[in-house]
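A short write-up of the structure that comes next.
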Amino acid sequence: MLQVPFIRENKELVVERLAKRNIDANQMVNDVLSLDEDRRRIQTSLDNILAESNTLSKEIGNLFKSGEAEKANLLKTKSGELKEASKELAESLNDTSEALKELLYKIPNVPNEVVPKGDSDEDNEEIFKEGDIPVLHDEALPHWELAKKYDIIDFELGNKITGAGFPVYKGKGAKLQRALINYFLDKNTEAGYSEFQLPHLVNEASGFGTGQLPDKEGQMYHVGEDNLYLIPTAEVPGTNIFRDVVLNEGDLPIGITGYTPCFRREAGSYGAHVRGLNRLHQFDKVEILRVEHPSKSYNALDGMVNHVKTILQELKLPYRILRLCGGDLGFTSALTYDFEVFSTAQDRWLEVSSVSNFETFQANRLKLRFKNSNGKNELAHTLNGSSLALPRVLAGILENYQTKDGVVIPDVLQGYTGFSIIN
RNA sequence: GGAGAAAUGGCAGAGUGGUCGAAUGCGGCAGUCUUGAAAACUGUUGAGGGUCACACCUCCGGGGGUUCGAAUCCCUCUUUCUCCGCCA
C-alpha cells in the first residue's frame with residue numbers, strides 16, 4: 001500500500017511511473033488526495049468537538065464536587081448535544097477513511113525508474129544469460145515422459161489421491177526433491193540467511209499483511225471452518241513475522257530463509273503450458289526474505305540476484321535473467337528480476353525464481369518500521385525471492401541432464417542424493 | 001473438549017469511575033564523573049492523527065454498551081496461562 005503523504009508530494013511521479021504498468025492512475029490519485037483532504041477536515045472538526053466535550057466533563061466533575069449540582073446538570077445537556085454531533089462526525093470520518101483505504105488497496109506499487117514499460121512477458125528485458133544449452137540425443141523426452149519412464153513422479157496417482165496438480169514423487173524422484181531442498185537451504189544459510197520453519201496455514205490478518213487479501217483471495221485455498229488459508233508462498237508467513245514490529249536500526253539487515261510447500265488454486269489454468277511440473281497446485285519452494293534499510297535495499301536486491309546466479313551456475317543449468325516490464329510486474333513490487341532455466345526437451349524457458357524489492361509497499365501495510373538515527377520510526381524495505389522453486393528446477397535437470405543411459409545427477413547434488421544417475 | 005485465572009508502554013509490573021497516556025523497576029538515549037570503560041548520579045524516553053510549529057484528538061487485547069466522564073463497570077469475541085481429558 002502506498003503512503004498518502006508520498007502520493008501527495010510526488011503526484012506527477014506516481015502517475016508517470018504507474019503508466020509503465022499501463023495504468024492511467026490520474027483519476028485514482030486525485031481521488032486519494034481529495035478523500036484524504038476530506039478525512040483531515042472531518043478529523044479536525046471531530047477533534048474540536050471532542051476537546052470541548054472533554055473540557056465540559058471536567059467542569060461537570062468539579063461542579064459536582066463543590067456541590068453545585070444545578071449548574072452541573074445544565075452542562076450535562078450541552079454535553080449531550082456535543083455527543084450527538086460527534087457521533088455523526090465519527091461515522092462520516094469512518095466512512096471516508098474506509099473509502100480511502102479501499103482505494104489505496106487498489107493502487108499497485110510504483111515501479112522503479114529502470115522498469116521498462118510494457119504489456120506482457122513479451123516485453124521483459126533480458127539482462128543476462130549464461131550456460132550452455134546441451135545437445136540432446138535423438139530420443140530425448142520432456143520431463144513428464146522421463147518421470148514415467150523412470151517411475152520417479154506419478155501424476156496419475158496424485159490425481160487419484162487429490163486431483164490434478166498434486167504429483168506424487170517416488171523413489172529417486174522423492175530423494176532428488178529432498179536433496180534439492182537441503183542443497184538450497186544450505187546455500188542460503190551459507191550466505192547468511194537464518195533458517196526458519198514456518199506455518200503452512202495463515203490467518204486472515206497475515207493474508208492482508210502481505211497483500212494476498214483482499215485482491216487475490218481466489219488464488220488461495222481457504223479452510224472455512226477455521227478461517228485459515230494455505231500459504232501460496234513462504235513469503236506470507238515469513239514476512240508476517242514482521243507485522244506490527246518496530247526494529248532497531250542496528251537489527252538491519254535481516255535475512256531469513258525457509259522451505260515450505262506452496263498451495264495455489266491457479267484458477268483458470270489449462271493446456272500444454274501447464275503440463276507435468278510446469279504448473280502445480282502444490283509445489284515445494286525455498287524462499288529468501290530480507291528486511292533492509294531503505295538506503296541499502298537495491299544493493300541487497302543485487303546481492304540476492306547474484307546469490308541465485310551462483311546456485312544456477314553450480315547446478316550447471318542454462319539460464320537467463322529478465323527484468324520484468326511494468327505490465328508483468330507483480331502488484332506489490334517496485335522491481336523484479338525473474339530467473340528462467342532453459343528446458344531443452346520442451347524448447348522453452350521455465351521460470352524458477354523471482355526476486356523483488358517491494359520498498360515500503362509491504363512494510364506500510366504490515367507496519368514494519370525501524371527506529372532511525374533521529375529516533376523516528378521509519379518504514380523498512382522488504383525484499384524476497386525464490387532460492388529456489390523446486391518443480392521447474394527439477395524439470396530442467398531431468399530434461400537437460402538426460403542421456404541415453406539415464407538422467408545424470410548434477411555434481412553438487414550427488415552428495416545429497418547418494419546416487420549419480422536415475423535409470 | 002471441560003473448569004478456573006488473566007490480557008496495561010521495548011520488557012517486568014502498579015493502577016478498580018474524574019487529579020491517568022498511565023506509578024515504579026529494568027532496558028534505551030543524552031550528560032556529569034573517569035585517561036577510557038564500568039559503577040554511581042542527573043536528565044530524557046510509547047504509538048498514530050493533526051499543525052509551519054504549537055494547540056488539540058485517539059489508543060491500556062479486538063468490537064459493542066453504561067456514564068457528563070471508562071485502563072477501571074457491563075456484554076461479546078479473541079488470545080494466553082493453570083488444572084483435567086484426548087493425542088503425534
Side-chain angles (χ1 to χ4, degrees), chain A residues 1-9 32-104 197 199-209 213-214 223-229 237 240-252 254 261 291 360 362-380:
Chain A
M1 176 163 70
L2 294 175
Q3 300 164 84
V4 176
F6 177 81
I7 299 176
R8 203 187 307 152
E9 282 154 34
V32 164
L33 294 180
S34 95
L35 276 170
D36 181 55
E37 238 172 74
D38 289 348
R39 199 207 93 238
R40 292 194 335 254
R41 190 172 35 76
I42 297 165
Q43 176 99 57
T44 307
S45 345
L46 177 61
D47 285 357
N48 289 337
I49 287 176
L50 289 175
E52 204 180 325
S53 166
N54 286 344
T55 323
L56 219 51
S57 291
K58 271 179 202 155
E59 272 178 48
I60 292 168
N62 289 333
L63 287 172
F64 272 122
K65 263 184 207 159
S66 57
E68 298 171 86
E70 217 167 287
K71 272 190 188 168
N73 284 324
L74 219 65
L75 290 183
K76 270 197 196 178
T77 321
K78 170 89 176 153
S79 179
E81 284 166 18
L82 286 176
K83 201 177 178 182
E84 281 303 305
S86 78
K87 242 183 200 165
E88 254 173 59
L89 278 172
E91 224 166 88
S92 127
L93 178 65
N94 191 46
D95 291 348
T96 311
S97 305
E98 281 301 313
L100 178 58
K101 209 165 71 180
E102 289 292 312
L103 190 54
L104 284 171
Q197 279 201 10
H200 301 167
L201 277 79
V202 293
N203 59 27
E204 218 172 8
S206 293
F208 273 97
L213 296 173
V223 183
E225 195 166 359
D226 299 294
N227 197 24
L228 297 172
Y229 294 85
N240 273 284
I241 292 171
F242 302 102
R243 172 153 46 88
D244 292 318
V245 165
V246 181
L247 297 161
N248 293 314
E249 196 165 6
D251 297 336
L252 301 174
I254 294 172
V291 182
T360 60
Q362 282 186 329
N364 189 32
R365 222 196 249 204
L366 288 166
K367 298 209 199 74
L368 163 56
R369 294 157 296 173
F370 68 97
K371 211 161 268 300
N372 67 21
S373 41
N374 300 323
K376 284 274 192 187
N377 287 343
E378 185 179 337
L379 292 173

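Just so you know, these numbers use all the heavy atoms, side chains as well, and skip hydrogens, waters and symmetry mates. We name chains A, B, ... by the order of the sequence lines, and we start the count at 1 in each one.
- Searching all strands for a Watson-Crick or G-U wobble partner of B:A37 with both distances below 3.5 Å returns nothing.
- Looking only at distances, no side-chain donor or acceptor of A:Asn73 sits under 3.5 Å from a matching main-chain atom of A:Glu70.
- Atom P of B:G27 sits at a distance of 36 Å from the matching atom of B:G50, rounded to the whole Å.
- A:Phe370 has its CZ atom 17 Å from the P atom of B:G10, to the nearest Å.
- Side-chain N or O atoms of A:Asn372 include none that pairs as donor or acceptor with a backbone N or O of A:Glu378 at under 3.5 Å.
- Within residues 36-63 of chain A, the residues having any heavy atom closer than 4.0 Å to RNA chain B are, in order of number, A:Arg39, A:Arg40, A:Gln43, A:Asp47, A:Leu50, A:Ala51, A:Asn54, A:Ser57, A:Ile60, A:Gly61.
- The separation between A:Asn94 atom CG and B:G63 atom P is 11 Å, rounded to whole Å.
- Taking a pair to require two hydrogen-bonding distances under 3.5 Å in either a Watson-Crick or a G-U wobble arrangement, B:A71 remains unpaired.
- The backbone N or O of A:Leu93 sits less than 3.5 Å from a side-chain atom of A:Ser97, completing a donor-acceptor pair.
- Look at the P atom in both B:U16 and B:C86: the space between them is 42 Å, to the nearest Å.
- Remark: C1' of B:C29 and CG of A:Asn372 are 14 Å apart, rounded to the nearest angstrom.
- Across every strand in view, B:C83 sits in a pair with B:G2 that passes the Watson-Crick or G-U test at under 3.5 angstrom.
- Interatomic distance, OG of A:Ser79 versus CG of A:Asn54, reported as 9.5 Å (0.5 Å rounding).
- When all heavy atoms are compared, the tightest approach of A:Asn240 to A:Ser206 is ND2-O, 2.9 Å.
- In this structure, A:Arg243 and A:Ala205 approach most closely via the heavy-atom pair NH1-CB, 3.6 Å.
- Rounded to whole Å, the distance from CD on A:Glu68 to C1' on B:C68 is 16 Å.
- Expressed to the nearest 0.5 Å, how far CG of A:Leu104 lies from CD1 of A:Ile7 amounts to 5.5 Å.
- A donor-acceptor pair under 3.5 Å is absent between the side-chain atoms of A:Arg8 and the main chain of A:Leu33, judged by distance alone.
- In this structure, B:A7 and B:U78 make a Watson-Crick or G-U wobble pair, each of the two defining distances being under 3.5 angstrom.
- Put simply, CG on A:Asp244 is 13 Å from C1' on B:G62, counting in whole angstrom units.
- Summarising the geometry, atom CD belonging to A:Glu68 is positioned 10.0 Å from atom CG belonging to A:Leu75; distances are rounded to the nearest 0.5 Å.
- Between the C1' atoms of B:U79 and B:C20, the separation comes to 26 Å (whole Å).
- B:U24 and B:G9 have their C1' atoms separated by 13 Å, with the value rounded to a whole Å.
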Assign a letter to each nucleotide of nucleotides 70-78 of chain B from its 5' end: B, base within under 4.0 Å of a protein heavy atom; S, sugar-phosphate only; -, no contact. ---------

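- Listed here is the closest heavy atom pair of A:Glu204 and A:Asn227: OE1-ND2, 3.3 Å.
- Taking atom CD on A:Glu249 and atom C1' on B:G28, their separation rounds to 14 Å, with Å as the unit.
- Remark: the separation of the P atoms in B:G1 and B:G63 is 25 Å, to the nearest Å.
- Interatomic distance, A:Ile60 CD1 to A:Thr55 OG1, rounded to the nearest 0.5 Å: 10.5 Å.
- Comparing B:G65 with B:C54, their P atoms are spaced 34 Å from each other, to the whole Å.
- Nucleotide B:C59 has B:G46 as its partner under the Watson-Crick or G-U criteria, with both atom distances under 3.5 Å.
- Between A:Lys71 and the phosphate of B:C68, there is no side-chain N or O to OP1/OP2 separation shorter than 4.0 Å.
- Note: CG (A:Leu93) to P (B:G50) measures 11 Å, nearest angstrom.
- A:Glu70 places its CD atom 17 Å from the P atom of B:C68, with the value rounded to the nearest Å.
- Distance noted for atom P between B:C68 and B:G10: 34 Å (whole Å).
- Comparing the same atom, C1', in B:C83 and in B:U72 gives a spacing of 29 Å after rounding to whole Å.
- Contacts of residues 73-92 of chain A with RNA chain B (heavy atom under 4.0 Å): A:Lys76, A:Ser79, A:Lys83.
- Across all strands shown, the partner of B:U24 is B:A12, judged by Watson-Crick or G-U wobble contacts whose two distances both fall under 3.5 Å.
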Before you tell me yes or no, could you show the steps for A:Lys101 and A:Glu98 under salt bridge (Lys or Arg N to Asp or Glu O under 4.0 Å), namely the whole-Å CA-CA distance, both residues' side-chain angles and the distance that decides it to 0.1 Å? CA-CA 5 Å; A:Lys101 209 165 71 180; A:Glu98 281 301 313; 3.6 Å; yes

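- Without hydrogens or angle criteria, A:Ser66 side chain to A:Asn62 main chain gives a donor-acceptor distance under 3.5 Å.
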